[in-house]
There are 2 protein chains.
Amino acid sequence: MTDTNETRTRILAAAARVFAQKGYHETRVDDIVVESGSSKGSVYFHFPSKERIFLALIDTFTDLLETRLRESILSEEHGLQQIDAALQTSLKLFQQYRGLAKIVLVQAVGLGTAFEERRRQINTRFSAIIQARLEQAIKDGSIPAQQTDLAARAWVGALNEIVIHWIYTGETDLQETLPALRSFLLRSIGIVTE
Amino acid sequence: MTDTNETRTRILAAAARVFAQKGYHETRVDDIVVESGSSKGSVYFHFPSKERIFLALIDTFTDLLETRLRESILSEEHGLQQIDAALQTSLKLFQQYRGLAKIVLVQAVGLGTAFEERRRQINTRFSAIIQARLEQAIKDGSIPAQQTDLAARAWVGALNEIVIHWIYTGETDLQETLPALRSFLLRSIGIVTE
DNA sequence: AGGATTAAACCGACTGGTCAGTCTAGTAAG
DNA sequence: CTTACTAGACTGACCAGTCGGTTTAATCCT
């Protein structure tokens, strides 16, 4: 018995590459078969459908991101450092998994009713994390009172767009945008650094 | 001869409704046929393909938005007022054409190679408009020096996300978010209002 | 006028290619 | 011999686009 889980993982990795490059609808299950060096029977032994493969990739990545985010926030005491840590963690992860990032941020959008809901939830989930932090910051007086839900969503949108642009252009290193992005985001909620 | 152009317009309007609701791939050409109350022959008389109908909708809307934006910017003298006018114009247009907004901001994303390029260009186009304004503002000393390309893209991302959220939730009136959004954006580039 | 002619606009049954998912026949390991 | 997995040929549904035919209306001719 060749290790089941290894084949499964190989299929997922192959799927990630193909989905990232071609998008959901232009990806043929046979593309994944070829890319993974397995067979159709094998793919359908490990996954019930093409859709589930796609969802598995999305869930894995978003769960990982959320976990890392929460960890990095917990690892810092002060609000400002928490934000720094969270931002750094996000960029690092996007940079490390560029393919998965593209799948989650680009390829999972506009897929119609089935995926629409899920996609919204993801953004809401991350907005909520940020919003909670902002509420906290207002309460302890680090930033002025403001509409935290709007600010949180705007942050998510801004970050997404920056990452997507990096995904396409691949310009240098995503981490290098951190200082400018950091200043931008902090200013946006009323923290003037220098 | 029933006015040719009227049928064409009816088909486009129907397509906008269906595409907005179902997304590109889940929309059947026959859905558009039924929704428009015409026929398949008629649809293919006016348009060469499903894809072209979709692109026609996108182009119409983005061109309109760009025109309105440039007009509103030209109508104001001072940098800050220009930004206000542009923002107000955008929100107004999104609000007015919610279906088309959804098509451009959501349904046109993640459609694979054919649309990917075009979609990027649209965001770049609007980023460029904002960036030019920011460069100007730095030059005349209204805002501190900063990475305008990043700020411009972040603005586009932030605005998109806010609008998309409104598209899904339909919460009240998009225009009502203007004050908070305005403060957020202005702060982000170093303008402290109150 | 009104009849004939023509072309644009419209109609919808049909087709042909595509592809997700199935199925039968395997192989390897214990 | 059984369990876990792999293989890839095959099938059936689906749907964009086609095509032969009909309607509509504008123009010309007597």
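The figures that follow rest on heavy atoms only: side chains count, while hydrogens, waters and symmetry mates do not. Numbered from 1 within each chain, the chains take letters A, B, ... in sequence-line order.
In terms of heavy atoms, B:Ser90 sits closest to B:Leu65 at CA-CD1, 4.2 Å.
Rounded to whole angstrom, the span from the CZ atom of B:Phe54 across to the P atom of D:dA16 amounts to 14 Å. Here C:dA7 presents its P atom at 14 Å from CZ of B:Phe45, a figure rounded to the nearest Å. Rounding to whole angstrom units, NZ of residue A:Lys50 and P of C:dT18 are separated by 15 Å. Rounded to a whole Å, the NE2 atom of B:His25 is 14 Å from the C1' atom of C:dC19. As rounded to whole Å, 10 Å separates atom P of C:dC10 from atom CG of B:Asn5. The CD-C1' distance, from A:Glu6 to D:dT6, rounds to 14 Å in whole Å. The CD-C1' distance, from B:Glu26 to D:dA16, rounds to 16 Å in whole Å. Taking atom CD1 on A:Ile53 and atom P on C:dA20, their separation rounds to 10 Å, with Å as the unit.
A heavy atom closer than 4.0 Å to some atom of DNA chain C occurs in B:Ser38, B:Ser39, B:Lys40, B:Gly41, B:Ser42, these being the qualifying members of residues 35-42 of chain B.
Between A:Arg10 and A:Glu6 there is a salt bridge, since a side-chain N of the basic residue sits under 4.0 Å from a carboxylate O of the acidic one. A salt bridge does not link A:Glu35 with A:Arg28: none of the charged nitrogens is closer than 4.0 Å to a carboxylate oxygen.
In this model, the phosphate group of D:dA16 is not approached by any side-chain N or O of B:Ser49 to a distance below 4.0 Å at OP1 or OP2. For the pair A:His46 and D:dA4, the criterion of a side-chain N or O lying under 4.0 Å from OP1 or OP2 is not met. For C:dC10, the OP1/OP2 oxygens have a side-chain nitrogen or oxygen of B:Thr7 closer than 4.0 Å. Contact check, B:Arg28 against D:dA16: a side-chain N or O comes under 4.0 Å of OP1 or OP2.
Each of B:Asp30 and B:Arg10 lies near DNA chain C, and the nucleotide nearest B:Arg10 is the one positioned closer to the 5' end.
In this structure, B:Lys50 forms a cation-pi arrangement with B:Tyr24, its terminal cationic atom sitting closer than 6.0 Å to the ring centre and no more than 45° off the ring axis. Cation-pi check for A:Arg98 over A:Trp166 is met; the charged atom lies under 6.0 angstrom from the ring centroid and within 45 degrees of its normal.
In this structure, CG in B:Leu159 is found 7.5 Å from CG in B:Leu185, a value given to the nearest 0.5 Å.
Of the candidates C:dT22, D:dG17, C:dA9, the closest approach to any side-chain atom of A:Tyr44 belongs to C:dT22.
Summarising the local packing, CD of A:Gln146 is surrounded by more than 12 heavy atoms from other residues, nucleotides or ligands at distances under 6.0 Å.
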